[in-house]
Amino acid sequence: MPIGIKKSLTSYTQIMDSLNDLNPQPQTLRVSALHALAYCPRLFYLEEVEELYTQNAAVFAGRRLHEELEKQEDAEWEDLYLESQELGLRGRVDALRTRDGKTIPYEHKRGRCYRDQNHQPMAWESDQLQILAYACLIESALGIPVSEGRIRYHADHVLIHIPVDNTARNLVKEAIKQARSLSSSSHRPPVTNNERLCTRCSLAPVCLPEEARLSHNREWQPVRLFPQDDERQIIHILEPGTCVGRCGEQLKVARRNQPPELFPGEQIGQLVLHSFSQISTQALHWCADHQIGVHWISGGGRYIGSFDSRQGSIQRRIHQYKALTDDYKCLELAKTLVGCRASGQRKFLMRGKRNSKGSSLDLEPVITQMKRVLKQVSQADSLATLLGLEGNLAALYFGGLSDLIHPDIHPGLHFCGRNRRPPKDRFNALLSFGYALLIKDVMNSILTVGLEPALGFYHQPRSQAAPLALDLMEIFRVPLVDMTIVASVNRGQWDVQADFEIRGQQVWLSDSGRRKFVDLYEKRKQETWKHPVTGYSLSYRRLLELEVRLLEKEWMGEGGLFAQLVVR
C-alpha cells in the first residue's frame, strides 16, 4: 500500500476514534436502578441523576445477609457481574443455580414478601422487576435462555417463582425506556403519594418527602423521617505539630509526647485541624471515602477552608445556579434570612430583659426600635436597601447585647461593642472563634448536601469564607454562638488570665480557652430545638443540615420552610 494512502487511512481512523470518544455509547443502567425506579421514580432520580446515596441500618443488614450467604458452601454462590450494551443494563447477580438443566437467577431479600388479599405470598413490584431484569441481562450477555427467576425473602422464609416470558421481557424494556427518559430530564419527580414507601426509604433524609408535602399543605402533620442525631464524633486537633494519618480502617492521631490514638471510621463525623497540625494524603483519601468532613482553622481562630470531596451532584448545582442568578429570587431569600436573624436577635434581647429582674431598662427602646426596622425588611426593593436595614439592626442588637452581661462579672469580660479581626477584647475573641466554628459546620452541611458554597444569594465574595456559608450561618449565630457565650460568661466559666492571651491591643483565646470553647460549643450543638414549622425536634447539629436541604427546596418547587428558626 502506498505510504500516502496508508497515512490517509491512519488519519481517518484517528479522526473516527476521536469522534467516537466525543459520542460515546450510552452508559448502561444498573439493574438496582430499575429496582429504585419501580419503588419510586423520585428515588431513581436522586440516585441516578443527582448521584445521591445514603446508607441506613437496612442497607447494612442487607450487606451482612449477602456476606453470610457467600460463606455457605451449599449456596451455589457465584459473584457474577454482567453487562449488555445491547440491552443497556449492567449488574451483579446474587446467585445462579442450575435446576433440571435450566439456569435460574436468585435474589435474596432480607425482609418479608408482599401478601395479597388472600394472604398468598407474592413478590414486591420492585423486586419482581429486578429479578426479571437480571434474567434478561443473562440472556443478552451470555446467550443463555432463562425461563424463570426466584426471590427468597428471608424474614418469612418464602421463595417466590417469577416466570420469564415475552410479557416480562417487554416489561423490562419499558422500564429501561422510562429510566432513559427520566435520566435526561432536568426536573426532579414529585414526592410519591404512597407515604408508606417513604418510611422505608434510605434516601428519606435527602428527599425530605414529609417536608415537601408540608410545603404544599400547611395543615399536614409530618412524620419525622429526618435522622434525629448524628452520633459520630467531631474530632478537634488543637495541638500544633499533631500528625493525623491512616492506620487500616482507623484514623491515627499522633500528638507530641503522647501515645497515638485510633478512631474507627464509622465513629467520626468531622475532623477539624487547628493551627499547624498535619494530615497525610492517605488519611485525606480515607476521609473522603468515609464521608468525613475535614476542615482547617488557624491558630488565631480564623476559618481557613474545607476539604471538598463531593462527587456528582452536578444537577443540584445547576438548579442552584439557575435559581441564584435570578435577582428577584435572591432578594426574596435574603429578606427571609435577614428577618430570621434579626427576629432571633430581638427575641434574645427580650429574653434577657425578662430574666434581668429590672436591671436592663435600657433594652426597652432597643427592642422597640428593632421591631420598627424589622417591619421595613419585607418591603426592601433591593439588596443595597436590605444591607442598610441589616446594618441598622445589627448595630441595635450589639448595642443592647452588653446589657445581657451580669454586672458582677469581671470587667475584662464585659462587652463594649462589636469589633472584628483582630479582636480587641475577650468577649469579641469569643465571638470570633465561635463564628469560625459555626461557619465550619455550615460548610460541612453544604458539602454534605452537595450545593455550591461559592454561590450565595445575599453575601458577596469578600474573603475565603464562601458566600452561601455566610448566608446560612446567619440563622444560627444567636442560638449556637451568642447565647452560648453570654450564658458561659454569666456563669463565670472563663478565667480572664488563663483562657486568654493579650498581644498588644489584640486578644486571643489561649490553648485552654480554645479547648473550653470547643467543649461548650459541641455540647450546645447536641441540644434539641423544636422546629416551628415541621413540629418535630432535632439537635442543632442536625438542624444545620436540615436548613441547607430546606434552602434547596426553595428552588425545587417545595419552598416556604427555609429560615423559620427564630429564638423563642
Side-chain angles (χ1 to χ4, degrees), residues 302-303 324 327-353 360 362-405 414-425 427-436 438-439 442 454-483 485-486 547 551 562-567:
R302 177 173 55 85
Y303 170 77
L324 299 188
D327 292 340
Y328 176 78
K329 186 69 175 179
C330 288
L331 179 59
E332 291 303 305
L333 286 172
K335 289 192 289 188
T336 301
L337 185 72
V338 171
C340 175
R341 173 188 173 178
S343 294
Q345 292 173 331
R346 181 173 176 271
K347 291 288 182 68
F348 184 35
L349 295 181
M350 291 173 65
R351 177 188 289 190
K353 182 176 181 297
S360 299
D362 291 343
L363 280 176
E364 186 61 40
V366 172
I367 293 170
T368 302
Q369 183 61 21
M370 287 188 73
K371 184 177 181 179
R372 293 195 188 101
V373 180
L374 262 169
K375 291 181 179 179
Q376 302 175 44
V377 168
S378 61
Q379 301 171 3
D381 57 0
S382 67
L383 287 178
T385 301
L386 192 60
L387 282 167
L389 294 172
E390 184 208 8
N392 193 353
L393 288 164
L396 288 166
Y397 169 70
F398 285 116
L401 191 60
S402 59
D403 286 337
L404 301 186
I405 307 299
H414 279 267
F415 181 62
C416 301
R418 178 73 175 124
N419 56 75
R420 290 177 170 79
R421 295 189 174 278
K424 298 178 181 179
D425 57 66
F427 199 97
N428 275 284
L430 293 172
L431 286 176
S432 295
F433 189 62
Y435 293 151
L438 176 58
I439 198 169
V442 172
L455 185 59
F457 54 88
Y458 184 42
H459 287 86
Q460 302 300 312
R462 56 179 175 80
S463 68
Q464 65 263 49
L468 187 63
L470 293 172
D471 288 346
L472 288 163
M473 72 179 292
E474 301 292 356
I475 301 170
F476 295 96
R477 282 181 186 266
V478 172
L480 278 181
V481 179
D482 299 3
M483 293 178 70
I485 292 174
V486 170
E547 205 61 32
L551 170 63
F562 171 66
Q564 302 298 314
L565 291 171
V566 178
V567 176

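Predicted model, so just to flag it, every value in this text is computed and none were measured.
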Asks: Counting only N and O atoms by type, is there a donor-acceptor contact under 3.5 Å from the side chain of E547 to the main-chain atoms of L472?
Replies: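 No: the side chain of E547 does not pair with the backbone of L472.
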Asks: Hey, does V481 have a side-chain heavy atom less than 4.5 Å from the side chain of I485?
Replies: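 With C-beta onward as the side chain, the pair touches.
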Asks: Can you pull the salt bridge (charged side-chain N to carboxylate O under 4.0 Å, His left out) pairs that have at least one residue in residues 373-385, sequence neighbours excluded?
Replies: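 Every pair satisfying salt bridge (charged side-chain N to carboxylate O under 4.0 Å, His left out) with a residue in residues 373-385: there are none.
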Asks: State which residues pass side chain to side chain donor-acceptor pair (under 3.5 Å) with D471; sequence neighbours excluded, sorted by chain then number.
Replies: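 Counting only residues at least two positions away or on another chain, D471 forms a side chain to side chain donor-acceptor pair (under 3.5 Å) with H459.
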Asks: Are any of the side-chain heavy atoms of F398 and F415 separated by less than 4.5 Å?
Replies: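 Yes; the side chains approach each other to less than 4.5 Å.
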Asks: To the nearest 0.5 angstrom, please state how far the CG atom of L438 sits from the CG atom of L480.
Replies: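 Going from the CG atom of L438 to the CG atom of L480 covers 6.0 Å.
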Asks: With sequence neighbours left out, write down each residue that passes side-chain contact (heavy atoms from CB on, under 4.5 Å) with L455, or none if nothing qualifies.
Replies: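 L455 satisfies side-chain contact (heavy atoms from CB on, under 4.5 Å) with Q320, Y321, L324, E452 once adjacent residues are dropped.
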Asks: Please enumerate all residues that pass salt bridge (charged side-chain N to carboxylate O under 4.0 Å, His left out) together with K335, with sequence neighbours excluded.
Replies: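 Here the qualifying residues are E332.
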Asks: Rounded to the nearest 0.5 Å, what separation is found between the CG atom of L401 and the SG atom of C416?
Replies: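 Spacing of CG (L401) from SG (C416) equals 11.0 Å.
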Asks: Using every non-hydrogen atom in the two residues, find where G456 and P467 come nearest and quote the distance to one decimal.
Replies: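 Taking G456 first and P467 second, the nearest heavy atoms are N-CB, 4.0 Å.
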Asks: Do L404 and R351 come within less than 4.5 Å of each other through their side chains, counting heavy atoms only?
Replies: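 SC-SC contact between L404 and R351 ruled out.
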Asks: Taking the side chain as C-beta and beyond, is there a heavy-atom pair between Y397 and R346 under 4.5 Å?
Replies: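 Heavy-atom side-chain distance check fails, nothing below 4.5 Å.
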Asks: Consider side chain to side chain contact (heavy atoms under 4.5 Å, CB included). Of L393, L374, V478, which one does S343 pass it with?
Replies: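 That would be L374.
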Asks: Report yes or no: does Q379 contribute a side-chain atom to a donor-acceptor pair with the main-chain N or O of V377 at less than 3.5 Å?
Replies: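 Flag not set: sc Q379 to bb V377 has no pair under 3.5 Å.
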Asks: How long is the gap from CG on N392 to CG on L387, to the nearest 0.5 Å?
Replies: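 So the CG of N392 and the CG of L387 are separated by 12.5 Å.
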Asks: Not counting sequence neighbours, which residues clear side-chain contact (heavy atoms from CB on, under 4.5 Å) with S382? List them please.
Replies: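 S382 satisfies side-chain contact (heavy atoms from CB on, under 4.5 Å) with A384, T385 once adjacent residues are dropped.
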Asks: Using salt bridge (charged side-chain N to carboxylate O under 4.0 Å, His left out) as the criterion, list what pairs up with E474, not counting sequence neighbours.
Replies: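 Salt bridge (charged side-chain N to carboxylate O under 4.0 Å, His left out) check on E474 returns R341, R477.
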Asks: Tell me which donor-acceptor pairs under 3.5 Å the side chains of residues 366-373 have, and how far apart each pair is, sequence neighbours excluded?
Replies:
{"unit_1": "T368", "atom_1": "OG1", "unit_2": "E364", "atom_2": "O", "d": "2.9"}
{"unit_1": "Q369", "atom_1": "OE1", "unit_2": "R372", "atom_2": "NH1", "d": "2.9"}

Asks: Would you say L349 and L396 make side-chain contact, with heavy atoms under 4.5 Å?
Replies: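 Side chain of L349 against side chain of L396, heavy atoms only: no contact under 4.5 Å found.
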Asks: Mind checking side-chain contact (heavy atoms from CB on, under 4.5 Å) for D425 and listing every partner two or more places apart, or none if nothing turns up?
Replies: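 Partners of D425 under the side-chain contact (heavy atoms from CB on, under 4.5 Å) test: N419, F427, N428.
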Asks: First locate atom CE of M473, then atom CD1 of I439, and finally report the distance between them rounded to the nearest 0.5 Å.
Replies: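 Rounded to the nearest 0.5 Å, the CE-CD1 separation comes to 5.0 Å.
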Asks: Supply the atom-to-atom distance L389 CG to S378 OG, rounded to the nearest 0.5 angstrom.
Replies: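 Going from CG on L389 over to OG on S378, the span is 10.0 Å.
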Asks: Within this structure, what is the CZ-CG distance for the pair F476 and D482, rounded to the nearest 0.5 Å?
Replies: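 Here the interatomic distance stands at 13.5 Å.
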Asks: With sequence neighbours left out, write down each residue that passes side-chain contact (heavy atoms from CB on, under 4.5 Å) with A334, or none if nothing qualifies.
Replies: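 A334 satisfies side-chain contact (heavy atoms from CB on, under 4.5 Å) with L383, L386, F457, Y458 once adjacent residues are dropped.
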Asks: Indicate the atoms forming the closest heavy-atom contact of I475 with C340, along with that distance.
Replies: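 Closest pair (atom of I475, atom of C340, distance): CG2-SG, 4.1 Å.
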